[in-house]
Protein chains: 2
Amino acid sequence: MRISELSRRTGVPVPTVKFYLREGLLPAGRATAATQAQYDEGHEQRLRLVRALVEVAGLSLAAVRRVVAAVDDPPRTTHELLGAAHEALPPAVADDVDVTAATGVVAELGWRIDPRSAPLRQLAAAIAALEAVGMPAGVEVLARYGRALEPVATAEVAAVPTSSREDAVAFVVVGTALYEPVVLALRRLAQQDASARRFGVDCP
Amino acid sequence: MRISELSRRTGVPVPTVKFYLREGLLPAGRATAATQAQYDEGHEQRLRLVRALVEVAGLSLAAVRRVVAAVDDPPRTTHELLGAAHEALPPAVADDVDVTAATGVVAELGWRIDPRSAPLRQLAAAIAALEAVGMPAGVEVLARYGRALEPVATAEVAAVPTSSREDAVAFVVVGTALYEPVVLALRRLAQQDASARRFGVDCP
DNA sequence: AGCATTGGGTAGCGGTACTATCCATGTCAA
DNA sequence: TTGACATGGATAGTACCGCTACCCAATGCT
């Protein structure tokens, strides 16, 4: 298909598709002439992925670029792939944060975590922020959160397909980023339900 | 204290503090003269909150403004306060999304949710995005996520202090926004642990 | 032949979050 | 008291992001 068809199918304006091509978020089409190129379903799929990462996962184009780079050039092992996906995703946290508290939580949970892991620094930053606003979170509270999330993560990792390399890559990268809004929305909904139960409100 | 002291204590540059004052994120100080004003610990606390919401929760200044507005002018009931906090937080989703799938998940979980609830639309948008990239999420999978998050949300709502109005407001608004990075970071860490267990890696 | 479409490129635009500068007023140490 | 410096208040400017508009020559479609 040509660029206008790609645009029509995905609802993304042609100038924006061109912009993504320039930015390297979308691979170039197969050139058939100086002013003609062909795009296929792979391009359409990639374009949908980029839009979903931007609109739903709220990623910046820079983060999207890192994510699709991980998709295009995946590390050798699935475990490393997960690490690459986590490195690509925001929030970026400086290397020099004090991860002591976060490491304590992880230890309490008995998890095996690389001490340079990006999520570890993100957790450390979040803990520090809670302290800064005068709402410190104790290790046992954080461990309760962690234990609640354990079965979810285990199920997710168990669902990673091992049959095909590409399937695994897509699943890990997309799943990590696109399920975050799902988790956040469900947490908020669960809060509303719990709040309705506790404070007793009539819902229309 | 004066503005420079406020700046020194929080690490926020003086011009930025002035900017926040202009934007209404920070209430004006008590003016003692034409070019002199006094700030107190309340200002310092608010400034820390604004910075935490921006840097850790990743909120835009517009979202921060909505959040602090909810803090300053809280609704009557705690349940409505939670709703206000959820409305103030991103992602903003159009009113006209199809919430059928999201409502189905909520029904499966047996939750009592206002059909106009913002998180319901956010869940609907996330489900639609997963479908668009070819990774549709079934009701039973989503319900498993929901059930895992239930105890967390129940514990959070149970922890809302009822003694003081201000404490409740601060807890709900700040807790909702600032615990989201905690949840996301812990989910990623749990994934890394599960991945290490499944794919067997040596961690240094 | 004629005209819209395409690819390819540059330039501009609107929004966000600051940052710099200016200035009249005020503080305070010498 | 005097003079250096800080402060509040305002305006203007900056840097980045994510597009969007425009232009042009080559091409395809009729």
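All heavy atoms count here, side chains included; hydrogens, waters and symmetry mates do not. Residue numbering restarts at 1 for every chain, and letters A, B, ... go by the order of the sequence lines.
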| Heavy-atom pair with the smallest gap, counting every atom of B/Tyr179 and A/Ala137 | OH-CB, 3.3 Å
| Among residues 35-61 of chain A, which contact DNA chain C at a heavy-atom distance under 4.0 Å? | A/Thr35, A/Gln36, A/Ala37, A/Tyr39
| field | Length of the CG-P vector between A/Leu6 and C/dG7, whole Å | value | 9 Å
| remark: B/Arg2 atom CZ is separated from C/dT25 atom P, nearest whole Å, by 18 Å
Test your reading of the model: is there a side-chain donor-acceptor pair from [X] to the backbone of [Y], 3.5 Å cut-off?
X        : Y        : answer
B/Gln122 : B/Pro91  : yes
B/Thr16  : B/Val12  : no
B/Gln45  : A/Val133 : yes

| Out of C/dG7, D/dG28, C/dG26, which nucleotide sits closest to the side chain of A/Ile3? | C/dG7
| note | Value for CD (B/Glu87) from CZ (A/Arg188), rounded to nearest 0.5 Å, stands at 10.0 Å
| Residues from residues 16-24 of chain B sitting under 4.0 Å of DNA chain D, heavy atoms only? | B/Lys18, B/Arg22
| field | Partner of B/Tyr20 under side-chain contact (heavy atoms from CB on, under 4.5 Å), chosen from B/Arg51, B/Arg46, B/His43 | value | B/Arg51
| field | Under 3.5 Å side-chain donor-acceptor pair for B/Gln192 and A/Ser117 | value | yes
| request: Take A/Pro15 and B/Ala28, find for each the nucleotide of DNA chain D with the closest heavy atom, and name the residue whose nucleotide sits nearer the 5' end. | output: B/Ala28
| task | Could you list all the side-chain hydrogen bond (donor to acceptor under 3.5 Å, both in side chains) pairs where at least one residue sits in residues 127-145 of chain A, not counting sequence neighbours? | result | A/Tyr145-B/Glu156
